[in-house]
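Some notes on the structure that comes next.
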Amino acid sequence: MKFFGFAAGVAVTLLSTTSAFAVTQISWWHAMTGANAEVVDKISKDFNASQGDYQIVPVFKGTYPETLNAGIAAYRAGQSPDIIQVFDVGTGVMMAARDAIKPVAEVLTGAGMDFDKSQYLPGIVGYYSTPDGTMLSFPYNSSSPILYYNKDIFQKAGLDVNNPPKTWNEVWEDAKKIKASGAAACGYTSTWLTWIHLENFAAWNDVPWATQQNGLAGGDVELKINSPIFVKHFQALADLAKDGTFKYGGRTSEAKQIFLAGECGIFTESSGGLGDIVKSGMNYGIGQLPYDSDAKGAPQNTTPGGASLWVFGGKSDEEYKGVAAFFAYLSKTDVQEYLHQKSGYLPVTLAAYEATKKSGFYDKNPGRETPILQMTGKAPTDNSKGVRLPNLPQVRDIQNEEFEKMLAGQESAQQALDNAVTRGNAAIKEALGN
């Protein structure tokens with residue numbers, strides 16, 4: 001990642017009709033669409049109206065991967081923005097370019113602001129920090145995987161509509177009952193097998209996904225996803241797929257359409273997918289992410305998905321002061337309340353969470369607190385801070401390829417996970433230049 005250093009930004013001087021004054025523009029590249037893009041625009045406008053020294057300029061750059069690639073290209077051209085939104089999968093990429101970014105903690109303290117990371121949700125802070133606790137990026141939109149279920153299908157299958165499955169064994173049994181009863185064509189489906197069934201499965205059950213604290217403590221990482229607990233879990237999925245009790249939708253969020261169409265009764269997905277389910281008018285319920293009943297100490301805590309805001313290096317002191325002012329504004333309780341309640345993503349600060357709770361929002365919107373409780377219920381362990389690799393997108397592709405062979409009956413779960421480990425380790429070594 002030697003190419004990924006960043007150039008100095010440019011301060012723009014604006015002239016008012018009554019007097020000349022300098023306004024420093026802060027560019028913010030993001031990947032938000034639809035209602036979430038409206039949130040970005042409102043927050044930016046409100047910040048700009050709250051003071052006269054800095055102007056946030058949000059710019060949509062496409063999907064998460066497209067936004068990250070645009071940032072790399074902009075650096076090469078010497079035109080990097082001040083702030084870029086990078087999805088969780090790209091965290092390792094940004095960390096590998098350490099000389100190219102300026103840690104958020106340094107941006108805030110350098111601007112003379114008091115920075116107390118204890119005010120932020122610990123599960124989120126841990127993922128976006130170095131082993132020594134330095135927060136590298138600002139966690140703008142974080143999510144957690146949860147369980148959704150169709151209450152009408154549950155009722156038809158003779159299941160308790162107020163008692164969603166809590167363990168994976170219960171999911172398998174309920175899914176079989178749904179399929180056998182004819183209440184739905186399939187019992188269970190899921191988005192993001194790599195994120196939910198590997199990375200968060202490991203964290204939630206407090207087992208290692210890889211060595212070196214899953215990559216957070218160092219780059220020389222070896223995957224551990226072929227241990228017995230993973231093999232048992234994926235063999236259960238493979239067995240359920242044989243008769244359609246489990247239906248595979250795709251590598252990312254494609255399975256959401258299967259659930260929304262009423263084809264399956266149980267669904268695991270990001271908490272950030274709640275809006276589409278609400279919009280569909282489905283009689284739905286929410287449960288916590290299931291855990292393995294044989295895992296000692298489970299459930300532990302989930303790890304954040306979504307994205308964070310990274311600050312590029314090589315900018316002027318005035319630009320960094322503007323970025324710090326914006327992040328301080330984003331940390332305000334009322335701003336975080338708005339972002340959380342409007343977008344469905346988790347609030348970044350504990351104060352915003354408590355204020356939302358006191359307002360009665362969670363009582364009026366059942367299930368919206370579940371992802372927060374999952375992430376904050378216990379302090380993160382070495383197994384549950386998240387995963388970090390310089391080439392995590394590539395490693396996920398390898399894992400998905402093996403899962404698809406397994407689900408097609410071409411490999412056992414043991415073979416698929418053994419292959420994913422061998423191929424994944426080789427890819428990690430290559431990325432590190434070993």
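Put simply, the residue from W204, W168, F403, W192 that forms a ring pair (Phe, Tyr, Trp, His ring centres under 6.0 Å) with H197 is W168. Only one option out of W28, Y329, F327, Y54 pairs with F47 in a ring pair (Phe, Tyr, Trp, His ring centres under 6.0 Å); it is Y329.
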**Item:** I266 vs I178, side chain to side chain contact (heavy atoms under 4.5 Å, CB included): CA-CA, chis, key distance, verdict
**Value:** CA-CA 9 Å; I266 306 172; I178 290 170; 4.0 Å; yes

**Request:** Might you work through the ring pair (Phe, Tyr, Trp, His ring centres under 6.0 Å) test for H340 and Y345, ending with a clear yes or no?
**Result:** CA-CA 5 Å; H340 167 51; Y345 288 107; 9.7 Å; no

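Sorted by first then second residue, the ring pair (Phe, Tyr, Trp, His ring centres under 6.0 Å) pairs that include residues 269-298, not counting sequence neighbours, number zero.
For T191 against S270, the heavy-atom pair with the smallest separation is OG1-N, 4.4 Å. Of all non-hydrogen atoms in I101 and W310, the two that sit nearest each other are CD1-CZ3, 3.9 Å.
A donor-acceptor pair is defined here as one N or O able to donate and one able to accept, closer than 3.5 Å; such a pair exists between the side chain of S384 and the backbone of T381. Formation of a donor-acceptor pair under 3.5 Å by the Q415 side chain with backbone atoms of S412 is found in this model. A donor-acceptor pair under 3.5 Å links the side-chain atoms of E66 to the main chain of T63, judged by distance alone. Looking at N205, its side chain never comes within 3.5 Å of a backbone N or O of A295 through a donor-acceptor pair. Between the side chain of D206 and the main chain of Q300, no donor-acceptor pair closer than 3.5 Å is present.
For K357 and Y353, the positive end sits near the middle of the six-membered ring, less than 6.0 Å away and at most 45° from its axis.
No side-chain donor-acceptor contact under 3.5 Å links T356 and E354. One side chain, E411 or N419, offers a donor N or O that lies under 3.5 Å from an acceptor on the other.
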